[in-house]
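Count residues from 1 along the sequence. When a ligand or atom number is given, it counts from 1 through the structure's own listing order.
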Amino acid sequence: MSGSVLHTDAAATAATAAKRRLKVVLYNPEAVFYTMPLALLAIGSELDPQVCEVVIIDGRLEPDAQSAVLSQLDGAVCLGVTVLTGAPISDALKISRAAKRARPDLTVVWGGWHPSMFARECLLEESVDVTVRGQGEETFAEIVDRLAQGRSLQGCAGCTIRLPDGTVHENPPRPLAQVDKFRAHDYGLIPVERYFQLKGKRQLDFISSQGCNFRCAFCSDPFVYGRKWVGLEPVRMAIRLKELWDRYHFDDVNFQDETFFTQRERVRALADRIIESGMKITWAATMRADQGIRLPDDVWVRCKQSGLRRLLVGVESGSNEVLKRIRKDIKIEQVYETAAKMLRHEIAGHFPFIVGFPEESDASIQATLDCAKRLRSMSPDFLTPIYYFKPYPGSELVIEAVKRGFRLPETLEAWAQFDYVAGEPGPWVSPEKFELIERFKFFHELAWKRVGRGKRLLQQLARYRCGRDNYRWPVEMLFTRWLVPAQKLS
Ligand code: B12
Ligand code: SF4
């Protein structure tokens, strides 16, 4: 983009320095957990700081997010909002509408997972002018650039726009770029200490890659990233982490990548550099079970030495037949093998499962419960959360389910009610199965977790039940849930 206001050469910098910087306001809707807003860091950091003043507002941090956004709109060139499917949509709508009422001339840009899948549908909402599909750094930089120059967005790859005559126009897609070509994420754009406080730990969220090469039929990643993966070069990444460590003194890094272990040599090099740097940190990341068994033992050792404390390994089902159907491309035996390695290297695990795939048999649900039971009993540090299948938009299973008559929400308001995690289990799980699974989850969690002396008796009782698969009359469960209601997850 030579000559652009965003990627300046020396002359342009000098010329623009005299002027006021362009203000760009970015909003992260309310959500559960305090993961740092990495998507907004990514697109905000890519704008030249000499030219743009980036203001990030996080709905989770502000007592009155709407007033916080409105107070920043004066002179802003656009408002960018990151939107996940589900509950965050209502807040995104509320803020976008309020912004448009206050500044009807302001361009409102939505990006992230929901607009990437429903680029046109989101534009039925009048307060949204532009939607960005997939990777956002370059597309957003070009949007800001064009807006600043008063140019049309027609032809700007990667985004969909509403034209002045009201029709929706989809620009061509933008090829996925190597993440190394982007500027390092500027954590100075967010109040890092505030996130530490709210998380209750000095844990930095970091994203080291985008996309995924795999093809799981329940996941939207293959649709959004076209089964491509791009990752940061490890030496540069380790240097960046060290700079951040010197500045923020965190003691844990949570890598938010979809598949962190995609390239084992990258992981090996990163682990080596972390060890050499002397950073005293722990870290957590995602791994597929097939990657775990292929990972050479010396890399496991280095990962552990560099601070690897926990892996998230998606199992999804205990039945090889279902794993095949959902194209997970792993076998259940690989999960046990990877789990055994984790045990040997003293690495904790999260092994999430999904039950209630369309037409899933009782036998395969039972296989999932058995598998969760086996993993959970291997270590108190192995967690086996069980979620109910809900059709993730963009995935192959949704296309299949829709063909069989399943109706997806049709408006943004209805999508906002579409709760993936909590609530109803979907039409594919009978009320009896739902009851059984909920009881199973409760007793297995209790049976194997570390508990204080006060709960030992309850734990013994839970182990007794689990040993016999007897979950009738769950008085302990009802009493505990009455005392401590379940945490809201979305
Ligand atoms: C952190 C995270 C969360 C956090 C969000 C924190 C926050 N910021 O508010 C929390 C814990 C709240 C969360 C919740 C959920 N999440 Co989540 N989450 C993630 C995770 C691990 C990282 C997101 C991230 O920061 N990525 C890094 C950035 C750089 O990538 P990015 O978000 O894709 O952003 C790029 C583009 O999308 C685009 N972009 C994004 N926003 C914007 C905005 C603008 C204006 C522009 C121009 C561009 C743009 O540009 C960015 C840079 O290229 C992703 C997986 C992943 N690696 O992305 C899953 C993921 C997004 N989550 C997912 C799911 C399913 C869920 C949950 C259902 C729970 C669950 N089982 O995980 C809930 C649903 C949300 C809800 N209803 O409340 C799915 C997709 C969901 C969807 N369709 O929206 C993902 C992809 C994981 C997966 N493969 O299943 N999640
Ligand atoms: S579930 Fe994980 S491995 Fe499968 S396609 Fe999605 S991101 Fe990739």
Side-chain angles (χ1 to χ4, degrees), residues 24 26-46 58-60 78-92 108-118 130-144 158-159 176-177 179 182 185 205-225 227 229-230 254-260 262 286-291 312-314 316 326-330 352 354 385 387 390 392-395 415-422 488-490:
V24 174
L26 300 176
Y27 184 67
N28 186 75
E30 278 173 25
V32 286
F33 304 120
Y34 293 103
T35 320
M36 294 171 183
L38 298 176
L40 299 184
L41 266 191
I43 58 165
S45 305
E46 191 52 17
D58 192 328
R60 298 166 297 173
C78 69
L79 169 68
V81 185
T82 183
V83 189
L84 282 179
T85 307
I89 293 178
S90 1
D91 192 33
V108 175
V109 184
W110 276 21
W113 290 84
H114 196 77
S116 292
M117 293 178 287
F118 296 101
V130 184
T131 47
V132 170
R133 310 188 303 271
Q135 191 181 49
E137 288 86 340
E138 288 182 323
T139 307
F140 190 60
E142 188 175 336
I143 290 171
V144 175
C159 70
L176 188 68
V179 275
F182 301 140
H185 294 177
D205 293 297
F206 193 92
I207 186 89
S208 84
S209 67
Q210 292 178 358
C212 171
N213 293 141
F214 293 87
R215 56 170 191 163
C216 308
F218 58 89
C219 177
S220 22
D221 202 291
F223 180 88
V224 174
Y225 281 96
R227 297 189 61 191
W229 179 92
V230 282
N254 203 1
F255 288 106
Q256 295 288 348
D257 307 45
E258 292 276 54
T259 43
F260 183 81
T262 296
T286 46
M287 174 189 266
R288 285 175 47 95
D290 52 338
Q291 294 169 340
L312 187 146
V313 182
E316 328 305 356
I326 63 173
R327 299 184 193 221
K328 184 73 192 176
D329 292 337
I330 57 166
I354 302 174
Y387 300 106
K390 293 276 174 83
Y392 284 38
S395 69
W415 273 117
Q417 300 305 316
F418 195 80
D419 194 322
Y420 282 124
V421 183
K488 201 173 177 292
L489 284 173
S490 126

State the atoms of ligand 1, each with its element, that fall below the 4.0 Å cut-off from a heavy-atom position in [X].
X: Phe33; answer: 11 (C)
X: Phe140; answer: 47 (C)
X: Ala87; answer: 77 (N)
X: Cys219; answer: 89 (N)
X: Met117; answer: 83 (N)
X: Glu137; answer: 52 (C), 53 (O)
X: Gln210; answer: 52 (C), 53 (O)
X: Val109; answer: 45 (C)

Which pair of heavy atoms, one from [X] and one from [Y], lies closest together, and at what distance?
X: His114; Y: Leu84; answer: CB-C, 4.1 Å
X: Pro352; Y: Leu312; answer: CG-CD2, 4.2 Å
X: Pro88; Y: Pro29; answer: O-CB, 3.5 Å
X: Lys328; Y: Arg288; answer: O-NH2, 2.8 Å
X: Tyr27; Y: Asp58; answer: CE1-C, 4.4 Å
X: Gly211; Y: Trp229; answer: O-CD1, 3.4 Å

Give the atoms of ligand 2, by number and element, whose distance to some non-hydrogen atom of [X] is under 4.0 Å.
X: Arg288; result: 3 (S)
X: Phe218; result: 1 (S)
X: Glu258; result: 7 (S)

Atom 6 (Fe) of ligand 2 - nearest protein heavy atom and its distance: Cys219 SG, 2.4 Å

Calculate, to the nearest 0.5 Å, the distance between atoms [atom1] and [atom2] belonging to [X] and [Y] respectively.
X: Tyr225; Y: Gln210; atom1: OH; atom2: CD; value: 4.0 Å
X: Phe206; Y: Gln256; atom1: CZ; atom2: CD; value: 12.0 Å
X: Thr82; Y: Ile43; atom1: OG1; atom2: CD1; value: 7.0 Å

Ligand 1 to [X] polar contact by distance, N or O atoms, under 3.5 Å:
X: Asp257; answer: no
X: His114; answer: no
X: Gln135; answer: no
X: Trp110; answer: no
X: Ile43; answer: no

Whether Asp91 side chain and Glu30 backbone form a donor-acceptor pair below 3.5 Å: yes

Side chain Arg60, main chain Phe33, donor-acceptor under 3.5 Å: yes

Nearest option to [atom], as decided by whichever heavy atom of [options] sits closest:
atom: atom 37 (O) of ligand 1; options: Ser220, Gly112, Ser90; result: Gly112
atom: atom 5 (S) of ligand 2; options: Ala217, Ser395, Cys216; result: Cys216
atom: atom 38 (C) of ligand 1; options: Gly134, Gly111, Ser116; result: Gly134
atom: atom 45 (C) of ligand 1; options: Val81, Val132, Thr82; result: Val81
atom: atom 81 (C) of ligand 1; options: Leu84, Thr35, Asp221; result: Leu84

Phe118 and Trp415 aromatic ring geometry - parallel, tilted or perpendicular at 30°/60° bounds: tilted

Is it the side chain (CB and beyond), the backbone, both or neither of [X] that lies under 4.0 Å from ligand 1, heavy atoms counted?
X: Tyr225; answer: side chain
X: Val83; answer: neither
X: Pro88; answer: side chain

The single option from Val224, Asp257, Asp221 passing side-chain contact (heavy atoms from CB on, under 4.5 Å) against Cys212: Asp221

Worked check of side-chain contact (heavy atoms from CB on, under 4.5 Å) between Ser45 and Phe182: CA-CA 8 Å; Ser45 305; Phe182 301 140; over 6 Å; no

Step-by-step side-chain contact (heavy atoms from CB on, under 4.5 Å) determination, Glu46 to Phe140: CA-CA 9 Å; Glu46 191 52 17; Phe140 190 60; over 6 Å; no

N/O/S atom of Cys212 inside 2.8 Å of atom 8 (Fe) of ligand 2, strictly under: yes

